[in-house]
Amino acid sequence: MKKHIALGLIAGTAAAAIMLSGFDSAMTVQELHRKSQEAQAAKNSATVSMQMEADAALQIGTESSTATKASLNGNADLTISYTLDPFQMKMEGNVKGIALGNTVDAKLSEYFVTDDDGSGIIYANLDTGNGGSWEASRIGKDQMRTVKEALAASKSGDYSKLKEQGFDAQALLDQVEKVTTLTPEAVTAGNQECYEMTSTISGSLLSGMLTDVMNSSLSNASGDGLDDQKRQIAETILKSLSVVTKEDYNTETFLPVHMEMDLSGSDFSGLVSRIESLIKAGYTGSTSEPPQLSVTVNTLRASADYDFDTPVSIEVPEDARNTPVSESGLSADAVKDKAAGTGADQLTPGTDSQQET
């Protein structure tokens, strides 16, 4: 509500409007998080509409007149629907952009479902204009258990299972809440009256989160595949980020309504320096030093709108379900043999014992 209104009648009307609405000026960040968590725990499904936008420029060489320049820009519109029991997710949308002179215009379709034996299957199709082709891969039971425990923790607010594996999610949430503020007045988002929280999350906090995950047993269960060099690069990227967020929650239901995340103010100089060092290590050019790189990020942001009311029904398309599933521990030929119905005695060594689809 607007402040500093001179006329007492208008001020009284405004005060009455606040009293009749769901907005509570005494609400805290911690209390809103808790109430929203409780509200989401009562929901088994949702649909999230996401928009992402990037605009950056790459320059190779110090002299602008002779340097090689390339634009990196694009946008994505994605719709993600999910159910939690059983866990199923569908993601569809379009990705368009230009990267180093190459134009990308693709339709993405992905399904992540729980199989009868407790493992998971991801079906994915990237259509660049020719219809694309489906690929399917299995997610092991341990990995699925990790996914479900993380979802259960997020839904219930009980992070004890994650802490047993060495990842203190509650401590991370506490750190985020310290850099989060709640606006003193209600805002309107999606035609709904909302509480609005804003925060600026530093790269050091994000990097610390990665370190905590890597040092926990979650890193083994998640199958992240990060060797030391990739881990260092990931930490360098995260340390360079500055993430400004805005989150809107309905004042009556406490459910999320809208979210914005802006990384445009991040400093990517550390990442550029690491790339330069990698180039220098393998440089065989005619000059004594490889050319310098510079990256200018004009825009890097994302937004999301949430729908907890529309029923969600997820059904994997038949042509996706008919795609051979890449099994953990099997060679590509063995996967084809399984799809063709070849007996287990003809499979290559290392075959797992998971149920076939």
Is [Y] close to [X] at the side-chain level, that is, under 4.5 Å between some pair of heavy atoms?
{"X": "M197", "Y": "H33", "value": "yes"}
{"X": "V312", "Y": "T47", "value": "yes"}
{"X": "I122", "Y": "Y111", "value": "no"}
{"X": "C194", "Y": "Y249", "value": "no"}
{"X": "Y306", "Y": "M259", "value": "yes"}
{"X": "D319", "Y": "Y123", "value": "no"}
{"X": "S25", "Y": "P184", "value": "no"}
{"X": "I80", "Y": "M89", "value": "yes"}

TODO: Just say parallel, tilted or perpendicular for the rings of F254 and Y195, cut-offs at 30° and 60°.
DONE: parallel

same_hphob_cluster([X], [Y]) at 4.5 Å side-chain heavy-atom cutoff:
{"X": "I98", "Y": "V297", "value": "no"}
{"X": "F308", "Y": "V257", "value": "no"}
{"X": "M144", "Y": "L84", "value": "yes"}
{"X": "V95", "Y": "F112", "value": "no"}
{"X": "V104", "Y": "L72", "value": "no"}

Task: Contacts of E135 that satisfy side-chain contact (heavy atoms from CB on, under 4.5 Å) - sequence neighbours left out - done: none

How long is the span from the [atom1] atom in [X] to the [atom2] atom in [Y], to the nearest 0.5 Å?
{"X": "T188", "Y": "H258", "atom1": "OG1", "atom2": "NE2", "answer": "12.5 Å"}
{"X": "R301", "Y": "M261", "atom1": "CZ", "atom2": "CE", "answer": "12.5 Å"}
{"X": "E177", "Y": "L172", "atom1": "CD", "atom2": "CG", "answer": "10.0 Å"}
{"X": "S269", "Y": "L293", "atom1": "OG", "atom2": "CG", "answer": "12.5 Å"}
{"X": "Q51", "Y": "L78", "atom1": "CD", "atom2": "CG", "answer": "8.5 Å"}
{"X": "K178", "Y": "S199", "atom1": "NZ", "atom2": "OG", "answer": "15.0 Å"}

State whether the side chain of [X] and the backbone N or O of [Y] hold a donor-acceptor pair below 3.5 Å, judged by distance alone.
{"X": "S49", "Y": "T79", "result": "no"}
{"X": "T200", "Y": "V244", "result": "no"}
{"X": "D115", "Y": "G118", "result": "no"}
{"X": "T83", "Y": "D85", "result": "no"}
{"X": "S36", "Y": "L32", "result": "no"}

Would you please say whether a donor-acceptor pair under 3.5 Å links the side chains of [X] and [Y]?
{"X": "N75", "Y": "E53", "result": "no"}
{"X": "S266", "Y": "S240", "result": "no"}
{"X": "E193", "Y": "T251", "result": "yes"}

Task: Residue pair D262, V243: steps toward the side chain to side chain contact (heavy atoms under 4.5 Å, CB included) verdict - done: CA-CA 6 Å; D262 195 341; V243 185; over 6 Å; no

Open item on the list: Are more than 12 heavy atoms, taken from residues, nucleotides or ligands other than E31, located less than 6.0 Å from that residue's CD atom?
Closed with: yes

Open item on the list: Counting neighbours of CG on N130 that are heavy atoms of other residues, nucleotides or ligands and sit closer than 6.0 Å, is the number greater than 12?
Closed with: yes

- [ ] I would like to know whether E196 and K246 meet side chain to side chain contact (heavy atoms under 4.5 Å, CB included); could you show each step before the answer?
- [x] CA-CA 7 Å; E196 185 167 275; K246 181 173 71 174; 3.3 Å; yes

Open item on the list: Quick test of your reading of the model: are E38 and R34 salt-bridged, counting only N-O distances below 4.0 Å?
Closed with: yes

TODO: Evaluate the criterion side chain to side chain contact (heavy atoms under 4.5 Å, CB included) for residue pair V187 and D248; output intermediate values, then yes/no.
DONE: CA-CA 8 Å; V187 301; D248 298 320; 3.7 Å; yes

- [ ] Have a look at S119 and tell me which of R138, K141, Q143, R145 forms a side chain to side chain donor-acceptor pair (under 3.5 Å) with it.
- [x] R138

- [ ] Tell me whether the centres of the aromatic rings in Y82 and F87 are closer together than 6.0 Å.
- [x] no

